**Q** 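Handing you a structure now.
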Amino acid sequence: MQRKKECVAMLLAGGQGSRLYALTNNIAKPAVAYGAKYRIIDFPLSNCINSGIDTVGVLTQYEPLELNEYIGNGQPWDLDRAYGGVHILSPYQAKKKSSWFEGTANAIYQNISFMKKYNPDYVLILSGDHIYKMNYAEMLRAHIRTGADCTIAAIEVPLREASRFGILNTNPDGSIYQFEEKPKEPKSNLASMGIYIFTASKLFAYLETDEQNPTSSKDFGKDVLPAMLNAGEKMFSYRFAGYWKDVGTISSLWESNMDLLGEEPTFDISDPDWKIHSRSPLAPPVYVGNGGKLDNSMVALGCEIDGTVEHSVLASNVVVEKGAVVKDSVIMANTVIKSGAVVNYSIIDENVVVEANATVGEDRKTASGIAVLGRNITVASGAKVEGGKIIDKDYKGE
C-alpha cells in the first residue's frame with residue numbers, strides 16, 4: 001500500500017534576485033543573509049515544520065551551490081526524515097522533453113513525479129524570498145472548509161503599491177471573481193503573497209494543460225490562476241494580517257532588517273511559540289571591548305566590537321575595530337571594519353574588509369541611497385564609497 005502525505009510543499013527557490021545587485025552575483029536570493037543569524041529561506045522552511053508539513057521540495061536553479069550546502073539534509077529544521085523531509089529539486093535531463101525551468105508553473109510541472117510519489121491530497125506552493133511567520137495549517141483548514149480548488153494567501157498593501165503585485169478581487173465570502181497580474185489600475189489593494197494551496201488533482205490537471213499550450217508563459221500568476229478562474233473553479237482568498245515583506249530590493253532588505261530592532265520591534269523574530277530555525281555557524285560568544293559601544297543593534301555570535309555600533313544588524317564573526325563606527329547598517333558574516341573606518345546606511349556582504357579610515361555610505365537623513373558592497377572585496381584605506389553606490393570588486397576610490 002502506498003504511503004501518503006496529506007499535503008506536500010513545493011518551495012520555489014531558484015530566483016536570481018537581480019534587484020539585489022551585488023548581493024546575488026554568486027548566490028540565489030533565498031540564500032541571502034538576514035537578521036544576523038538567518039537566511040531568507042529559513043522562514044518558509046521553518047513555517048513548514050511549525051505548521052506540521054514535513055515534506056518539502058526546494059526547487060533551485062540560479063547559483064544553487066551555497067543554498068544546497070546550507071539546506072543540506074534539513075536537520076536544523078527537523079526535515080531530515082526517512083519518509084518525506086526536504087529534497088533539493090534541480091532541473092534535469094530526461095528522455096522526454098526537459099529543460100531549465102521556464103516559469104513558476106513549469107518548474108512545478110517538471111517535478112510532478114516528486115509530488116505524486118507522496119500521493120498528496122493538497123499541494124502548497126511557496127516562494128523562497130519573503131520574510132514572514134505564517135501557519136500554513138490554518139490556511140489548509142480554510143481551503144478544506146470552503147471546498148476550494150485553489151486558495152491564495154493575500155495581504156492588504158497600500159493602494160499606491162498594488163500595481164507591483166497580483167491583485168485579487170473578491171466577493172464578501174472571500175471567493176475570487178477576478179485575478180489581475182500587476183494591473184496598471186488596480187481595483188483593490190488585496191495582493192497575492194505568492195502562497196497557494198491547490199487540491200492536488202486540480203493542480204496536476206491544469207499544469208498538464210498549461211504545458212501543452214504553446215502561447216503560455218508557464219507562470220502561475222499569468223497563466224494557471226487565470227485559466228482556473230475562467231473555467232469556473234472554486235478559488236478563495238486567505239487573508240493574512242501579520243508581518244510580511246518581499247525582500248527583493250536593496251531598500252526592502254534593509255528595512256526588514258531594521259524592523260527587527262528596538263524594544264518593541266515591528267517584526268518579533270524571537271517568539272518561542274514560532275521558532276525560526278537556521279543552520280548556525282560555530283562561533284564564540286560576542287565580545288565587546290572596554291571602549292566598545294553597542295546600541296539598539298542585533299549582533300550574532302563571534303562578533304568582536306571595540307568600536308561603535310548603532311542601530312545595525314551584524315552577522316557572525318564581524319569585527320569592528322577601535323575607533324570604527326557602524327550606524328544604520330547591515331553587515332554580513334566575516335567582515336572586518338578597521339580602525340577609524342565609518343560605515344553608514346549600508347549593506348555589506350560577507351568576507352569584506354573596510355580598511356582603516358575608509359568611509360562607506362552617508363548619513364541616512366541626507367544620503368541619496370543605501371551603499372552596497374558585494375562579498376569578498378576590500379575597500380582601500382581612506383577610500384570613500386558614496387551613498388547609493390553599489391560596489392562588487394575591490395575599491396580604491398576614484
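Just so we're clear, the structure is a prediction, and the values are computed from it rather than from any experiment.
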**Q** Whether Glu161 and Arg164 form a salt bridge (side-chain N of Lys/Arg under 4.0 Å from carboxylate O of Asp/Glu) is what I want to check.
**A**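 Salt bridge between Arg164 and Glu161, a charged N being under 4.0 Å from a carboxylate O: yes.
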**Q** Looking at Lys322 and Asp306, does any basic side-chain N land under 4.0 Å from a carboxylate oxygen?
**A**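 The answer is no: the pair does not qualify as a salt bridge.
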**Q** Do Tyr122 and Glu6 make a side-chain contact, defined as non-hydrogen atoms from C-beta onward lying under 4.5 Å apart?
**A** yes
**Q** Met332 and Ile269: same hydrophobic cluster, using ILVMFWY side-chain contacts below 4.5 Å?
**A** yes
**Q** Using the rule side chain to side chain donor-acceptor pair (under 3.5 Å), only one of Asp349, Asn25, Asn351 pairs with Asn376; which is it?
**A**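 Output: one option passes, namely Asn351.
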**Q** With no hydrogens and no angle check, do the side chains of Glu310 and Asn296 hold a donor and an acceptor under 3.5 Å apart?
**A** no
**Q** So, is the end of the Lys116 side chain (NZ or CZ) under 6.0 Å from the ring centre of Phe204 and within 45° of the ring's axis?
**A**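 Here Lys116 passes the 6.0 Å and 45° test against Phe204.
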**Q** Is any side-chain heavy atom of Leu225 less than 4.5 Å from a side-chain heavy atom of Met235?
**A** yes
**Q** As a quick check of understanding, evaluate ring pair (Phe, Tyr, Trp, His ring centres under 6.0 Å) for Phe220 and Phe198, giving each step before the final call.
**A** CA-CA 12 Å; Phe220 276 105; Phe198 291 91; 5.6 Å; yes
**Q** Any chance you could measure Ile152, atom CD1, to Tyr238, atom OH, to the nearest 0.5 Å?
**A** 14.5 Å
**Q** Salt bridge check: are Asp268 and Lys133 linked by an N-O gap of less than 4.0 Å?
**A**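 No, this pair does not count.
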**Q** Are Tyr118 and Tyr83 near enough that their ring centres are under 6.0 Å apart?
**A**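 Between Tyr83 and Tyr118, which both carry aromatic rings, the centre distance is below 6.0 Å.
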**Q** Could you check whether Glu355 pairs with Lys338 (Lys NZ or Arg NE/NH1/NH2 to Asp/Glu carboxylate O, under 4.0 Å)?
**A**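 Salt bridge present between Glu355 and Lys338.
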**Q** Are Ile390 and Ile370 in one and the same hydrophobic cluster, where Ile, Leu, Val, Met, Phe, Trp and Tyr link if side-chain heavy atoms are under 4.5 Å apart?
**A**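 Same cluster.
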**Q** Go through the structure and list residues passing salt bridge (Lys or Arg N to Asp or Glu O under 4.0 Å) with Glu156, not counting sequence neighbours.
**A** Arg239
**Q** Ignoring hydrogens and angles, state whether a donor on the side chain of Ser381 or Asn357 is under 3.5 Å from an acceptor on the partner side chain.
**A**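 Ser381 vs Asn357: no donor-acceptor pair found between side chains.
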**Q** Say whether Ser278 and Asp42, considering side chains only, have a donor N or O and an acceptor N or O under 3.5 Å apart.
**A**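 No.
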**Q** Is the closest side-chain donor-acceptor distance between Asp149 and Thr199 under 3.5 Å?
**A** no
**Q** If two hydrophobic side chains count as joined below 4.5 Å and joins carry through other members, does Val379 share a cluster with Ile337?
**A** yes
**Q** Can you tell which of Val330, Leu261, Leu314, Val309 makes a side chain to side chain contact (heavy atoms under 4.5 Å, CB included) with Met298?
**A** Leu261
**Q** Answer yes if the ring centres of Phe43 and Tyr34 are under 6.0 angstrom apart, and no otherwise.
**A**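 That pair passes the under 6.0 Å test.
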**Q** If you apply the rule ring pair (Phe, Tyr, Trp, His ring centres under 6.0 Å), what do you find for Tyr70 with Trp77, and how did you get there?
**A** CA-CA 11 Å; Tyr70 182 74; Trp77 305 272; 5.5 Å; yes
**Q** Flag yes if Leu67 and Ile88 sit in one hydrophobic cluster, no otherwise; membership is Ile, Leu, Val, Met, Phe, Trp, Tyr, and two members link when side-chain heavy atoms are under 4.5 Å apart.
**A**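 Same hydrophobic cluster.
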**Q** May I ask you to test the Val8-Phe114 pair for a side-chain heavy-atom distance under 4.5 Å?
**A**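 Of all side-chain heavy-atom pairs linking Phe114 with Val8, at least one is under 4.5 Å.
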**Q** Just by distance, do the side chain of Ser192 and the backbone of Ile167 share a donor-acceptor pair under 3.5 Å?
**A**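 Checking the backbone N and O of Ile167 against the side chain of Ser192, no donor-acceptor pair under 3.5 Å is found.
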**Q** Do the non-hydrogen side-chain atoms of Asn135 and Trp274 ever get within less than 4.5 Å of each other?
**A**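 Yes, side chains in contact.
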**Q** State whether a side-chain donor-acceptor pair under 3.5 Å links Tyr243 with Asp259.
**A**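 Yes, because at least one side-chain N or O of Tyr243 sits under 3.5 Å from a partner of the opposite role on Asp259.
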**Q** Determine whether a donor-acceptor pair (N or O, by modelled atom type, separation under 3.5 Å) exists between the side chain of Asn47 and the backbone of Met134.
**A**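 Present.
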